[in-house]
Amino acid sequence: MNQTRAFLILAWLMVATLLWMEWGKEKSAPPVPPPSAVAPASSVPVASGVAATAAVPGAPSAATPAVPGGSTVSTAAANGAEPAVTVTTAVFKVTLRGGEISEADLLRYPVTSEPDSPPMRLLASDSSLYFVAQSGWVSQGNAAPTHESGFRYAGEQRDLVLAKDAKEIAVPFVWTGPNGVTITRTYTFRQGDYAIKVRDDVSNGSTAPWQGFVYRQLSRVPRELAHKGPFSPEQYSFQGAAWYSPADKYEKRKFDKFADDGKLDKQVTGGWIAMLQHHFFAAWIPGDKDAGEFSLEQLNAGAAPQYLIRDLGPGVNLAPGQKATTEARLWVGPKLVKAIEAQNVPGLDRAVDFSSYSIFATLANGLFWLLEKLHNLFGNWGWAIVGLVVLLKLALYPLSAAQYKSAAKMRKFQPRVAQLKERYGEDKQKFQMALMELYKKEKINPVGGCLPLLPQMIIFMTLYWMLAESVELRHAPWMLWIHDLTARDPFFVLPLMNIAIMWTTQKLTPMTGMDPAQAKMMQFMPLIFGVILAFLPAGLVLYQVANGGLGLLQQWVTTKRYAEAPATAGKD
């Protein structure tokens with residue numbers, strides 16, 4: 001197999017891979033309800049219970065009571081008449097309603113790259129973007145506050161702003177039961193942190209024992225994609241629920257697989273639950289020693305599906321006069337690798353879902369680590385991509401050098417090959433045997449051009465997932481006309497440059513042994529690739545242009561270095 005044929009195979013493999021990804025997306029895309037399909041403000045959700053005999057410390061032996069499901073009640077109706085409390089920090093503006101965080105605007109992440117674009121709203125209680133974080137208590141035979149009612153704000157101001165010189169701000173809510181049991185909930189926001197600390201202090205001031213379970217859940221409807229099309233990165237980013245347990249590690253489930261993949265009923269100590277989408281996610285992170293039960297539910301099955309992931313536990317069993325405390329963190333924000341790692345939570349970094357395949361995920365993590373180091377050096381993600389190409393070229397230099405050297409030798413013997421074609425005419429079998437004999441005699445490796453192609457293809461596809469998923473590159477400019485490396489080139493300059501580079505590379509590549517049909521097909525490959533790259537993220541096209549440009553330079557130098565007079569006919 002010569003270099004040109006190998007390149008043709010690589011090209012069609014890449015096209016086939018992209019088409020396969022598109023087919024998979026169309027087949028598995030979750031049903032997205034129209035905005036009007038979600039229940040109106042006046043509707044009352046049907047409670048969805050989890051029967052459990054969870055083996056948690058202090059848990060009652062009887063089955064736990066039903067846990068309220070996700071609610072599409074509007075903000076005006078949520079938690080009775082309890083008004084909202086807003087908290088603004090340097091990174092987000094959050095709306096609290098007792099046991100529910102119903103809105104979260106990410107102030108550092110505008111919806112678009114336009115100067116007047118509003119901030120990205122990750123959590124929302126309105127019908128078109130419904131996605132909320134909820135937490136409450138359930139108790140068998142005793143009163144308890146749910147996320148829907150019970151908690152009342154214990155402060156004075158309802159529009160709070162964390163001052164720039166302050167480290168944190170605490171927002172208290174209180175529930176007082178009819179039997180003297182009180183639960184004080186405190187939301188703590190730290191400066192520059194996307195993790196909200198949620199602490200519940202339970203005090204049994206009654207004369208009888210009190211038993212209860214804390215639950216934490218995320219509820220949402222599938223998000224309608226902002227960008228559609230066969231090459232939109234958002235199409236292939238995972239959207240659904242994910243969870244982590246020390247025993248089974250990272251697991252996930254798409255929205256449309258909630259019912260088909262069976263019931264989730266997992267006893268877990270530690271771990272976390274999350275809802276993931278492109279670039280952003282929300283996650284409940286209980287204490288690492290807390291025991292609970294993870295479960296999934298699909299509510300409102302039919303035209304307006306709503307999905308929920310829940311952690312039920314730990315259980316609390318208090319005698320009169322006793323107190324207990326349970327804590328958790330709620331992450332609401334972007335998939336920032338460094339910020340997630342700073343949480344020091346096992347497996348939480350997998351929320352940055354570079355790929356469903358562990359080998360690609362591992363490689364993507366390594367490439368991103370290297371890309372981040374280069375960004376620290378250059379201060380620009382575009383130049384960091386160019387730097388990454390240079391480093392990868394140096395790492396693959398032995399393979400590419402052998403490839404171009406083989407191509408140069410094959411170019412030298414093109415007249416000999418032409419003579420063999422003329423001699424054997426239409427007898428392709430004899431021609432191939434004579435060609436192999438020539439390669440053997442002159443010590444030409446016909447597969448030398450194939451060796452660098454496999455790692456190049458793996459790196460290309462890994463970079464596609466990595467660049468598409470990395471929120472660090474979202475709306476990141478390169479220079480001049482490229483204002484967003486995760487969006488396509490608005491003027492198609494980079495795809496046109498790639499066409500020119502591929503066409504020039506073809507002129508330096510020998511067509512040895514290729515039949516006319518293959519040769520004609522090869523002539524269209526630069527155009528085909530240009531059309532494909534026109535719809536891919538500019539960062540990925542920049543990588544391809546830089547990689548192709550350096551490859552062309554290396555091939556030109558190698559060709560000049562090993563250039564010899566063409567082998568004349570008649571020496572075989």
**Student:** Donor-acceptor pair, distance only, cut-off 3.5 Å: does the side chain of Lys252 make one with the backbone of Gln239?
**Tutor:** no
**Student:** Answer whether the closest heavy-atom distance between the side chains of Lys335 and His279 falls below 4.5 Å.
**Tutor:** no
**Student:** For a side-chain contact (heavy atoms from CB on, under 4.5 Å) check, start with the C-alpha distance between Arg220 and Val132, then their side-chain angles and the critical distance, and finish with the verdict.
**Tutor:** CA-CA 6 Å; Arg220 76 171 306 170; Val132 295; over 6 Å; no
**Student:** Indicate yes or no: does Lys266 engage Glu293 in a salt bridge with an N to O separation below 4.0 Å.
**Tutor:** no
**Student:** Kindly compute the distance separating CH2 (Trp381) from NE2 (His375), expressed to the nearest 0.5 Å.
**Tutor:** 5.0 Å
**Student:** Side chains of Trp243 and Tyr250: closer than 4.5 Å at any heavy-atom pair?
**Tutor:** no
**Student:** In terms of side-chain heavy atoms, does Arg185 have a donor or acceptor partner in Ser135 at a distance below 3.5 Å?
**Tutor:** yes
**Student:** Could you tell me whether the side chain of Asn498 reaches within less than 4.5 Å of the side chain of Phe529, counting heavy atoms only?
**Tutor:** yes
**Student:** Could you label the plane-to-plane angle of the Phe354 and Phe368 rings as parallel, tilted or perpendicular, counting under 30° as parallel and over 60° as perpendicular?
**Tutor:** tilted
**Student:** How close do Leu96 and Val94 get, counting heavy atoms only, and between which atoms?
**Tutor:** CD2-CG1, 3.8 Å
**Student:** Taking the six-membered ring of Phe238, is the NZ or CZ of Lys254 close enough (under 6.0 Å from the centre) and on axis enough (within 45°)?
**Tutor:** no
**Student:** Could you walk me through whether Val386 and Leu542 pass the side-chain contact (heavy atoms from CB on, under 4.5 Å) test, one step at a time?
**Tutor:** CA-CA 7 Å; Val386 175; Leu542 174 61; 4.2 Å; yes
**Student:** Has Trp272 got a side-chain atom pairing as donor or acceptor with Pro346's backbone, closer than 3.5 angstrom?
**Tutor:** yes
**Student:** Quick one: CG on Leu218 to CG on Leu330, what's the gap to the nearest 0.5 Å?
**Tutor:** 7.0 Å
**Student:** Mind listing the closest non-hydrogen atom pair of Ala195 and Gln343 along with its distance?
**Tutor:** CB-OE1, 3.5 Å
**Student:** Looking at Val111, is its backbone amide N or carbonyl O close enough to the side chain of Ser117 to form a donor-acceptor pair, meaning the two atoms are under 3.5 Å apart?
**Tutor:** yes
**Student:** Checking Glu472 side chain against Val337 main chain: does a donor-acceptor pair fall under 3.5 Å?
**Tutor:** yes
**Student:** Aromatic contact between Trp481 and Phe491, with the criterion being ring centroids under 6.0 Å apart: yes or no?
**Tutor:** no
**Student:** Are any of the side-chain heavy atoms of Val332 and Leu123 separated by less than 4.5 Å?
**Tutor:** yes
**Student:** Is there a donor-acceptor pair under 3.5 Å between the side chain of Tyr215 and the backbone N or O of His147?
**Tutor:** yes
**Student:** Taking the side chain as every heavy atom from C-beta outward, state whether Pro495 and Val541 have any pair of such atoms under 4.5 Å apart.
**Tutor:** yes
**Student:** With a 4.0 Å cut-off, would you call Asp484 and Arg474 a salt bridge?
**Tutor:** no
**Student:** So, taking the atom named CG in Leu494 and the one named CG in Asp489, what distance separates them when rounded to the nearest 0.5 Å?
**Tutor:** 4.5 Å
**Student:** Side chains of Glu469 and Val352, heavy atoms from C-beta outward: is any pair under 4.5 Å?
**Tutor:** yes
**Student:** Nearest 0.5 Å, please: how far is CG in Asn547 from CD1 in Ile385?
**Tutor:** 12.5 Å
**Student:** Any donor and acceptor pair, going by atom type alone, linking the side chain of Trp284 with main-chain N or O of Gln217 inside 3.5 Å?
**Tutor:** yes
**Student:** For the backbone of Trp478 and the side chain of Asn380, can you confirm whether one donor and one acceptor N or O come within less than 3.5 Å of each other?
**Tutor:** yes
**Student:** Under the rule for side-chain hydrogen bond (donor to acceptor under 3.5 Å, both in side chains), what residues qualify as partners of Asp290, not counting sequence neighbours?
**Tutor:** none
**Student:** If you measure only the distance, is there a donor-acceptor pair under 3.5 Å linking the side chains of Gln134 and Ser219?
**Tutor:** no
**Student:** Could you label the plane-to-plane angle of the Tyr109 and Phe280 rings as parallel, tilted or perpendicular, counting under 30° as parallel and over 60° as perpendicular?
**Tutor:** perpendicular
**Student:** May I ask you to test the Leu367-Leu463 pair for a side-chain heavy-atom distance under 4.5 Å?
**Tutor:** yes
**Student:** Would you check if the side chain of Thr89 reaches a backbone N or O of Val91 as a donor-acceptor pair within less than 3.5 Å?
**Tutor:** yes
**Student:** Are Pro537 and Arg488 close enough that some pair of their side-chain heavy atoms sits under 4.5 Å apart?
**Tutor:** no
**Student:** Between Pro305 and Gln298, what is the shortest heavy-atom contact and its length?
**Tutor:** CB-NE2, 4.0 Å
**Student:** Is Arg121 reaching over with its side chain to a backbone N or O of Asp105, donor-acceptor style, under 3.5 angstrom?
**Tutor:** no
**Student:** If you count every heavy atom of other residues, nucleotides or ligands that lies below 6.0 Å from Asn344 atom CG, does the total exceed 12?
**Tutor:** no
**Student:** If you take all heavy atoms of Leu107 and Lys93, which pair is closest and at what distance?
**Tutor:** CG-N, 4.0 Å
**Student:** Starting at CG of Leu308, measure out to CG of Leu296 and round the result to the nearest 0.5 Å.
**Tutor:** 8.5 Å
**Student:** Kindly indicate, with the supporting measurements, whether the criterion side-chain contact (heavy atoms from CB on, under 4.5 Å) is fulfilled by Thr188 and Arg199.
**Tutor:** CA-CA 8 Å; Thr188 302; Arg199 174 186 173 118; over 6 Å; no
**Student:** Return the set of residues passing salt bridge (Lys or Arg N to Asp or Glu O under 4.0 Å) with Arg329 (not counting sequence neighbours), or none when no residue passes.
**Tutor:** none
**Student:** Yes or no on side-chain contact (heavy atoms from CB on, under 4.5 Å) for Glu103 and Ile101, after CA distance, side-chain angles and deciding distance?
**Tutor:** CA-CA 6 Å; Glu103 289 181 1; Ile101 299 182; over 6 Å; no
**Student:** How close do Pro246 and Thr269 get, counting heavy atoms only, and between which atoms?
**Tutor:** CG-O, 3.4 Å
**Student:** If every non-hydrogen atom of Tyr244 is compared with every non-hydrogen atom of Val268, which pair is closest and at what distance?
**Tutor:** O-CG1, 4.4 Å
**Student:** Is a side-chain donor or acceptor of Asp311 paired with a backbone partner of Phe294 at a separation under 3.5 angstrom?
**Tutor:** no
**Student:** Between atom CD1 of Ile501 and atom CG of Leu550, what is the distance when rounded to the nearest 0.5 Å?
**Tutor:** 9.0 Å
